[in-house]
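These values consider heavy atoms only, across backbone and side chains, with no hydrogens, waters or symmetry-generated copies. If you read the sequence from its start, that first residue is 1, and numbering goes on from there.
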Amino acid sequence: MNIKIPKGKKVYFSSDNHLGAPTTEISKLKEAKFLRWLNEVKTDAAAIFLLGDLFDFWFEYKTVVPKGFVRVLGKLAEISDAGIPIYFFVGNHDLWMNGYFEEELNIPVYHQPKEFILGDRSFFIGHGDGLGPGDKGFKRMKKVFTNPIAKWFFGWLHPDIGVRLASSLSRGNKLISGDDDVQFLGEENEWLVQYCKRKLTQKHRDHFVFGHRHLPMQIKLPDNSLYTNLGDWCDHFTYATFDGLQMKLVHFK
């Protein structure tokens with residue numbers, strides 16, 4: 001997919017807001033800060049990429065979606081209605097999306113990494129969970145979560161029970177929350193860096209952009225490629241911008 005970047009415009013990238021966690025009070029503060037960011041970037045955005053875990057838990061029943069987040073959903077609808085394209089990649093906390101964003105917000109949702117051409121640069125974009133070597137415990141757990149039979153059984157739970165159960169697991173299980181993996185491991189041990197290097201042997205991309213790690217970082221890769229991890233809106237409040245030439249990590253104050 002090709003996206004033009006008009007003069008004076010930028011492409012914005014954000015991930016890992018985890019709205020709803022760790023408490024309602026803290027979540028509301030994060031939500032308010034993210035809304036201020038959306039109001040800022042909509043003034044010069046050529047496109048906005050949201051790379052997953054916008055919510056700490058999200059499951060779409062046939063006629064029900066989780067309570068809350070109405071201000072963020074409304075703001076995304078407003079931006080989308082204004083003609084600014086928004087692209088959403090599911091994360092490991094909000095992977096149970098099944099049409100709500102597309103139908104209500106006109107926002108395409110991707111369940112796998114995807115390649116884009118932004119301006120004249122090639123980008124490989126995704127949430128980042130389950131990619132690369134290692135992380136075997138999480139990969140096994142993700143297979144369970146994405147299993148159609150498991151999703152069918154969960155869908156038969158009353159939403160009050162299902163949301164409460166899933167939210168408890170999301171916050172308490174380190175394999176899901178990632179709370180045991182928030183330190184920089186070194187370039188050679190960062191599994192997403194290894195994944196990018198392997199992908200480069202198959203095809204050149206100018207940029208790889210992921211979330212999930214909750215650590216803002218940019219690492220130069222072979223062949224003038226660049227890996228960017230967006231950080232999060234829990235501790236770092238970071239995002240990235242691309243103006244057609246430079247990919248920058250920015251801290252939102």
Seminar exercise, completed: Those residues at least two apart in sequence (or on a different chain) that pass side-chain contact (heavy atoms from CB on, under 4.5 Å) with Glu40 are Phe252
Problem set entry | No-hydrogen, no-angle side-chain donor-acceptor test under 3.5 Å, Asn98 and Tyr100 | no
For this session: Classify the ring geometry between Trp58 and Phe101 as parallel (under 30°), tilted (30 to 60°) or perpendicular (over 60°).
Result: perpendicular
Exercise. How close do Gly126 and Phe89 get, heavy atom to heavy atom, and via which atoms?
Worked result: CA-CD2, 3.9 Å
Exercise. Between Phe69 and Phe55, what is the ring plane arrangement, given parallel below 30°, perpendicular above 60°, and tilted in between?
Worked result: tilted
Problem set entry | Closest approach of Ile219 to Leu226 (non-hydrogen atoms, all atoms of both residues) | O-CD1, 3.5 Å
Exercise. Is the backbone of Met247 close enough, under 3.5 Å, to the side chain of Gln218 for a donor and an acceptor to pair up by distance?
Worked result: yes
For this session: For Ser15 and Leu51, indicate whether the former's side chain and the latter's backbone hold a donor-acceptor pair under 3.5 Å.
Result: no
Problem set entry | Any donor-acceptor N/O pair, Asp53 side chain to His93 backbone, under 3.5 Å | yes
Please tabulate, one pair per line, all N/O donor-acceptor pairs under 3.5 Å involving side-chain atoms of residues 28-36, not counting sequence neighbours.
residue	atom	partner	partner atom	Å
Lys30	NZ	Asn17	O	2.9
Lys30	NZ	His18	O	2.9
Lys30	NZ	Ala21	O	2.8

Problem set entry | Minimal non-hydrogen separation, Ile86 against Pro108, with atom names | O-CD, 3.2 Å
Exercise. For Leu50, does its backbone N or O pair with a side-chain atom of Ser14 as donor and acceptor, under 3.5 Å?
Worked result: no
Problem set entry | Main-chain N/O of Ser122 paired to Asp206 side chain as donor or acceptor, under 3.5 Å | yes
For this session: Answer yes or no: does atom CZ of Arg121 have more than 12 heavy-atom neighbours from other residues, nucleotides or ligands under 6.0 Å?
Result: yes
Problem set entry | Ring center gap for His212 and Trp191 short of 6.0 angstrom | yes
Exercise. Quick one: does Glu115's side chain have a donor or acceptor within less than 3.5 Å of a partner on Ile125's backbone?
Worked result: no
Exercise. Looking at Ala46 and Lys9, what are the two nearest heavy atoms and their distance?
Worked result: CB-CB, 3.9 Å
Problem set entry | Heavy-atom closest contact (Asp232 atom, Asp235 atom, distance) | OD1-N, 3.0 Å
For this session: Taking atom types as modelled, find out whether Asp223 and His204 have a side-chain donor-acceptor pair closer than 3.5 angstrom.
Result: no
Problem set entry | For the student: nearest non-hydrogen atoms of Leu95 and Val90, plus distance | CA-CB, 3.7 Å
Problem set entry | With Phe49, the ring-ring contact (aromatic ring centres under 6.0 Å, His included) member among Phe88, Phe210, Phe116 | Phe116
Exercise. Are side-chain N/O atoms of Asp44 and Tyr12 paired as donor and acceptor at under 3.5 Å?
Worked result: yes
Exercise. Is Glu187 salt-bridged to Lys197, going by a charged N under 4.0 Å from an acidic O?
Worked result: yes
For this session: Taking atom types as modelled, find out whether Asn92 and His127 have a side-chain donor-acceptor pair closer than 3.5 angstrom.
Result: yes
Exercise. Using 30° and 60° as the class limits, which term best fits the ring planes of Phe237 and Trp233: parallel, tilted or perpendicular?
Worked result: perpendicular
Exercise. With a cut-off of 6.0 Å (strictly less than), are more than 12 heavy atoms of other residues, nucleotides or ligands near CG of Asn224?
Worked result: no
Exercise. Quick one: does His251's side chain have a donor or acceptor within less than 3.5 Å of a partner on His236's backbone?
Worked result: yes
